[in-house]
Amino acid sequence: RAKLEGRGALRFFEQHLHDELVRQHHLVAQLEQALERGELCLHYQPQVSAVSGCIENLEALLRWIPAEGPPISPAEFIPLAERSGLIHRLSDWVIEEACRQQRSWRDRGFATQRIDINVSGRQLLHKGALARFEACLLRHGLEPQDIGIELTENVLIEADDSVLEELRKLYHRGVRIAIDDFGTGYSSLSYLKHFPVTALKIDRSFVRDAPCQPEDRAIMEAAIFIGHRLGLEVVAEGVENAEQLTLLREMRCDLIQGFYFYRPMPAEAIERLLAGLVPGHGHLSG
Ligand code: C2E
Ligand code: MG
Ligand code: MG
Ligand code: MG
């Protein structure tokens with residue numbers, strides 16, 4: 001009997017796995033169509049100065065809003081795109097779109113902010129990916145400091161020498177390179193010595209609990225300290241309330257990103273914000 005039940009459980013599991021694979025396959029096909037039909041867009045989330053509250057940079061975040069149905073999170077479709085190989089076309093689109101938008105903002109006098117794009121592991125491992133990035137900047141008449149990139153620790157650790165060489169070139173040309181989700185990868189700190197980076201983004205899991213958890217607060221403070229001692233800019237992700245902001249300001253964090261100030265928003269909303277047509281957040285006044 002136990003054996004029979006075991007078999008039933010296995011069959012149930014296999015069915016479940018099968019359904020999940022079918023669903024993923026379907027999603028990849030839909031994503032490819034979305035790319036072709038122009039159903040993807042970038043939203044932008046401001047990073048503000050911890051001292052002044054002024055908008056400094058924007059992070060570009062990919063959005064897929066299907067014609068029917070609810071938006072699908074990049075946390076779900078990026079890994080799928082990586083596994084299916086669609087990531088290369090997807091990331092070419094992101095780079096092109098970020099450059100086009102930046103060019104358009106520059107041309108219309110919105111001249112202060114840098115746009116940072118997220119770069120995934122598979123994307124970076126693709127030969128020539130970084131060269132294409134540079135070509136795109138050139139094509140749009142942009143400077144290396146106009147578009148930055150964000151990579152996770154794991155991507156850096158897994159990168160081979162030729163990729164690191166390409167990254168180093170970008171770094172020396174003046175492209176800003178941030179380590180995303182800092183503190184969550186499986187890595188020793190020694191990699192910070194070798195990699196060409198300009199900023200650390202402290203993962204939001206530490207920021208979230210810092211006000212009530214001494215351990216998270218300690219890690220956050222240590223990350224800011226290390227970043228500064230290495231001459232890096234430090235950004236806090238996922239700042240949602242005044243307590244977190246107060247701590248981060250006390251610890252001299254440079255930039256703040258999170259819902260407390262701004263959510264990711266479409267380009268037009270950013271324009272209204274930068275044009276002063278909507279009030280900014282007065283959290284830092286007084
Ligand atoms: P990430 O690069 O760490 O981006 C930050 C994520 O945190 C975004 O989620 C953003 O909407 C969210 N966030 C910002 N502030 C807050 C806050 O105060 N509270 C909370 N709870 N969340 C906040 P999103 O847009 O869903 O993106 C998820 C991940 O998908 C990104 O994490 C990034 O790893 C990936 N991703 C997004 N766009 C792209 C892209 O164009 N290319 C690649 N390769 N990956 C992307
Ligand atoms: Mg990011
Ligand atoms: Mg992040
Ligand atoms: Mg993240």
Side-chain angles (χ1 to χ4, degrees), residues 31 34-35 40-48 55 57-65 70-101 114-126 129-130 133 136 147-156 176-185 197-211 220 223 233-245 248 253 255-267 269-270 281 283:
L31 181 56
L35 190 60
L40 299 178
C41 67
L42 293 180
H43 281 190
Y44 300 88
Q45 186 178 30
Q47 292 175 359
V48 307
I55 296 176
N57 313 307
L58 303 171
E59 178 175 6
L61 294 158
L62 189 54
R63 292 292 176 263
W64 175 15
I65 304 159
I72 299 164
S73 164
E76 178 169 19
F77 70 78
I78 293 286
L80 272 185
E82 288 216 308
R83 263 177 278 150
S84 70
L86 195 60
I87 190 68
H88 304 305
R89 281 171 59 200
L90 210 59
S91 49
D92 281 350
W93 184 87
V94 168
I95 291 169
E96 178 67 32
E97 176 60 15
C99 287
R100 187 202 62 73
Q101 185 62 71
R114 182 184 75 230
I115 297 176
D116 291 336
I117 58 174
N118 290 282
V119 172
S120 72
R122 281 288 298 280
Q123 180 179 347
L124 204 62
L125 294 177
H126 207 56
L130 292 172
F133 171 76
C136 194
I147 306 275
I149 60 183
E150 297 189 359
L151 311 155
T152 60
E153 292 166 79
N154 295 344
V155 168
L156 277 173
R176 307 286 296 179
I177 304 172
I179 300 180
D180 208 347
D181 306 340
F182 181 72
T184 59
V197 298
T198 56
L200 297 185
K201 296 189 75 179
I202 303 174
D203 191 69
R204 70 166 183 265
S205 58
F206 304 114
V207 174
R208 184 186 57 222
D209 298 327
M220 196 167 85
E233 188 169 51
V234 182
V235 186
E237 298 190 304
V239 177
E240 294 183 349
N241 59 52
E243 293 71 47
Q244 294 162 341
L245 177 64
L248 286 159
C253 186
L255 294 168
I256 308 290
Q257 184 177 351
F259 297 169
Y260 188 59
F261 284 94
Y262 303 104
R263 287 178 178 263
M265 56 186 112
I270 292 288
H281 289 221
H283 297 309

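First listed ligand is number 1; within each ligand, the first listed atom is number 1. The first residue of the sequence shown is numbered 1, and numbering continues consecutively from there.
Listed by atom number, the atoms of ligand 1 under 4.0 Å from Val94 heavy atoms are 41 (O). Close contacts of ligand 1 with Glu240, meaning ligand atoms under 4.0 Å from a residue heavy atom, involve 17 (C), 18 (O), 19 (N), 20 (C), 21 (N). Listed by number with element, the atoms of ligand 1 under 4.0 angstrom from any heavy atom of Gln45 are 14 (C), 15 (N). Each of the following atoms of ligand 1 lies closer than 4.0 Å to a heavy atom of Ser120: 44 (N). Residue Gly258 has at least one heavy-atom neighbour below 4.0 Å for each of these atoms of ligand 1: 15 (N), 18 (O).
No part of His43 comes within 4.0 Å of ligand 1, judged by heavy-atom distances. The part of Glu59 lying near ligand 1 is the side chain, judged by heavy-atom distances below 4.0 Å. Only the backbone of Val239 comes within 4.0 Å of ligand 1, counting heavy atoms alone; no side-chain atom from C-beta on gets that close. Residue Arg204 touches ligand 1 through its side chain alone, judged by heavy-atom distances below 4.0 Å. At a 4.0 Å heavy-atom cut-off, ligand 1 touches Pro264 through the side chain alone. The proximity of Glu237 to ligand 1, defined as any non-hydrogen pair under 4.0 Å, is limited to the side chain.
Remark: ligand 1 and Arg63 share an N or O pair separated by less than 3.5 Å (distance only, no angle test). Backbone and side-chain nitrogen or oxygen atoms of Tyr260 are examined, and none is located within less than 3.5 angstrom of a nitrogen or oxygen of ligand 1. Between Val119 and ligand 1, no N or O atom pair is found at a separation short of 3.5 Å.
Between Glu233 and Thr198, every side-chain heavy-atom pair lies at or beyond the 4.5 Å cut-off. Inter-residue side-chain proximity for Leu42 and Trp93 is flagged as met; some heavy-atom pair is nearer than 4.5 Å. Looking only at side-chain heavy atoms (C-beta outward), Leu255 and Lys201 stay at 4.5 Å or farther from each other. Here the side chains of Ile55 and Ile270 are not in contact, with every heavy-atom distance at 4.5 Å or above. Side-chain atoms of Glu59 and Pro264, non-hydrogen and from C-beta on, never get closer than 4.5 Å to each other. Leu40 is listed as a side-chain neighbour of Leu90, based on a closest heavy-atom distance under 4.5 Å.
Here atom 45 (N) of ligand 1 lies nearest to Asn118 when heavy atoms of Ile87, Val207, Asn118 are compared. Among Ala60, Ala236, Pro74, the residue whose heavy atom lies closest to atom 35 (C) of ligand 1 is Pro74. Considering only non-hydrogen atoms, atom 43 (C) of ligand 1 lies nearest to Ile78 out of Leu42, Ile78, Leu151. Among Asp181, Leu61, Ile95, the residue whose heavy atom lies nearest to atom 4 (O) of ligand 1 is Leu61.
Not a single donor-acceptor pair under 3.5 Å links the side chain of Arg63 to the backbone N or O of His43. A distance-only check finds a donor-acceptor pair linking the side chain of Gln45 to the backbone of Tyr262 [under 3.5 Å]. No donor-acceptor pair under 3.5 Å is formed between the side chain of Glu97 and the backbone N or O of Cys41. No donor-acceptor pair closer than 3.5 Å links the side chain of Gln123 to the backbone N or O of Ser91. Formation of a donor-acceptor pair under 3.5 Å by the Gln244 side chain with backbone atoms of Arg208 is found in this model.
Smallest separation of non-hydrogen atoms from Leu245 and Val239: N-CG1, 4.2 Å. Annotation for Arg83 and Arg122: closest pair CA-NH1, 4.1 Å, computed over non-hydrogen atoms.
Applying side chain to side chain contact (heavy atoms under 4.5 Å, CB included) to Leu151 and the options Ile177, Asp180, Ile179 leaves one that passes, Ile177.
When you scan the N, O or S atoms of Glu150 for the one nearest the Mg ion (ligand 2), you land on OE1. For the Mg ion (ligand 3), the nearest N, O or S atom contributed by Asp180 is named OD1. Checked against the Mg ion (ligand 2), the N, O or S atom of Glu59 at the shortest distance is OE2.
Distance check for Asp181 against the Mg ion (ligand 3): an N/O/S atom falls below 2.8 Å. The Mg ion (ligand 3) lies under 2.8 Å from an N, O or S atom belonging to Glu237.
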